[in-house]
Amino acid sequence: MEDLHRNLIDGEWVGGDGAPNINPSNTNEVVGLYARATADDTQRAIAAAKAAFPAWSRSGLLERHSVLSKTAHEIIARKEELGALLSREEGKTLPEGIGEATRAGQIFEFFAGEALRLAGETVLSVRPGVGVEITREAVGVVGIITPWNFPIAIPAWKIAPALCYGNTVVFKPADLVPGCSWAIVDILHRAGLPKGVLNLVMGKGSVVGQTILDSKDVSAITFTGGVNTGRRVADASLKFMRKIQLEMGGKNPTIVLDDADLKVAVETVTQSAFFSTGQRCTASSRVIVTEGIHDRFVDALCERVKNLKVGNAMEKGIEIGPVVDPGQLKQDLDYIEIGQKEGAKLRVGGMRLNRETEGYFLQPALFTEATNQMRISREEIFGPVASVIRVKDYDEALATANDTEFGLSSGIVTTSLKYATHFKRNAEAGMVMVNVPTAGVDFHVPFGGRKGSSYGPKEQGKYAAEFFTQVKTAYTAAG
Ligand code: UN1
């Protein structure tokens with residue numbers, strides 16, 4: 001079959017029948033056929049990664065630099081094509097898709113540079129005549145499990161550091177969106193990675209993911225996805241004393257204070273809550289607004305949200321693409337109903353939309369008069385649904401923002417240096433955003449949360465070394 005995309009195991013493209021990858025903007029369109037790995041395939045992939053580890057972990061830095069750098073250049077050269085593939089398989093708008101593809105290229109470029117900066121420390125011992133060296137070494141076979149909502153950026157920000165620091169990889173992309181993952185593995189393979197260093201096993205979590213979790217030969221797992229699966233990764237890993245890095249949910253707040261610039265507030269909240277169809281763990285779904293600006297802000301926000309252009313992700317001028325699949329659409333609609341039953345006021349949107357093509361289009365939904373106790377304020381919805389919570393003042397806003405089991409990204413819109421400074425110090429989140437959206441992060445600085453959102457070392461930037469390496473301290477007596 002011509003458009004069958006196979007798995008890459010030990011340097012060979014393998015696997016039979018493919019499952020169709022469906023375009024959520026047009027469910028009649030099959031983006032491509034993608035093979036599904038069996039448990040057996042996954043075990044072979046793990047064995048190949050294990051066999052490739054000794055050589056790759058000792059490979060010259062120029063070899064790693066060269067593969068990562070070639071990959072960066074090819075991704076950037078093909079950003080329009082890869083961005084379109086992303087939009088077709090996941091439903092982000094075309095500019096968002098191209099932006100994400102560009103980001104993936106930049107991430108590879110960053111780690112191509114990091115490969116040349118690998119260094120340790122030499123220190124004196126407390127004992128005379130003894131020297132101490134502190135170095136970082138690769139961890140081993142890393143299992144990489146990625147979600148559907150960032151089909152190219154998240155694979156990039158896990159694969160690039162894994163390879164940079166000398167690990168070998170078994171990579172399982174989200175079953176729903178294997179297209180971009182296949183494309184970057186193909187690029188890396190052609191860029192000259194030795195066989196077995198990077199293995200692609202597309203397929204189901206219950207088969208492929210489970211086999212990775214159950215393997216004693218997988219020394220570390222980096223996972224982004226839902227809280228429940230994250231817990232399963234953690235549970236399965238303790239018995240092997242395996243390193244884990246988990247990025248899970250969010251219920252990210254954005255505070256709007258009386259002194260905020262109204263335009264900045266409306267734009268920041270609209271982007272945080274609804275862009276990428278609200279399908280980001282960094283999306284803001286709780287908008288906490290102080291009394292003095294509340295009504296003015298809500299009116300202006302409703303106007304903006306009402307006019308958002310929802311439709312086929314590939315069409316020019318579309319601001320919000322479709323929801324990714326029927327399961328997610330049902331979850332969004334269920335929460336829209338729950339919010340109304342709980343007594344929040346649905347001010348805008350919340351209904352399915354028909355467009356020329358058959359797709360999962362949903363008018364972004366904005367609730368007002370919500371409380372922080374409602375389920376819509378406590379549980380992650382992962383769709384274009386946000387609620388406004390009215391509070392008296394900054395102190396109540398901060399307490400409300402922190403009153404959640406999550407702690408990924410926390411935002412404030414204010415012109416006050418005093419409140420901005422206080423918020424940066426007191427927000428219980430891994431990332432704090434002042435007058436910028438909670439979502440849409442830089443690629444060269446640490447990414448990650450705290451509390452129920454994340455577990456383990458941060459991702460991205462030079463901090464990625466924490467997870468993808470292990471530290472060794474060597475003592476040498478001069479004799
Ligand atoms: C971003 O907001 O730019 O799954 C990145 C997610 C996050 C990535 C967000 N891990 O939504």
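What's counted below: heavy atoms across the whole structure, side chains too, no hydrogens, waters or symmetry copies. As the structure lists them, so they are numbered: ligands from 1, and atoms in each ligand from 1. When a residue number appears, it is its place in the shown sequence, counting from 1.
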Measure and list all N/O to N/O distances between ligand 1 and the protein that fall under 3.5 angstrom.
unit_1: ligand 1; atom_1: 2 (O); unit_2: Thr282; atom_2: OG1; d: 2.6
unit_1: ligand 1; atom_1: 2 (O); unit_2: Gly440; atom_2: N; d: 2.8
unit_1: ligand 1; atom_1: 3 (O); unit_2: Arg103; atom_2: NH1; d: 3.2
unit_1: ligand 1; atom_1: 3 (O); unit_2: Arg103; atom_2: NH2; d: 2.8
unit_1: ligand 1; atom_1: 3 (O); unit_2: Gly440; atom_2: N; d: 3.1
unit_1: ligand 1; atom_1: 3 (O); unit_2: Val441; atom_2: N; d: 3.0
unit_1: ligand 1; atom_1: 4 (O); unit_2: Asn149; atom_2: ND2; d: 3.1
unit_1: ligand 1; atom_1: 11 (O); unit_2: Asn149; atom_2: ND2; d: 3.0
unit_1: ligand 1; atom_1: 11 (O); unit_2: Cys281; atom_2: N; d: 2.6

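- Geometric assessment of Lys92 against the ring of Phe150 yields a positive cation-pi assignment under the 6.0 Å and 45° thresholds.
- In this structure, Lys251 contributes its side chain and Ser377 its backbone to no donor-acceptor pair below 3.5 Å.
- Judged as a ring-ring contact (aromatic ring centres under 6.0 Å, His included), and not counting sequence neighbours, the contacts of Phe382 are Trp148.
- By the 6.0 Å contact criterion, CZ on Arg136 is enclosed, its count of non-hydrogen atoms from other residues, nucleotides or ligands being greater than 12.
- With respect to the salt-bridge test (charged N to carboxylate O, under 4.0 angstrom), the residues Arg78 and Glu74 qualify.
- Looking at heavy atoms from C-beta onward, Leu329 lies in side-chain contact with Arg352 at the 4.5 angstrom threshold.
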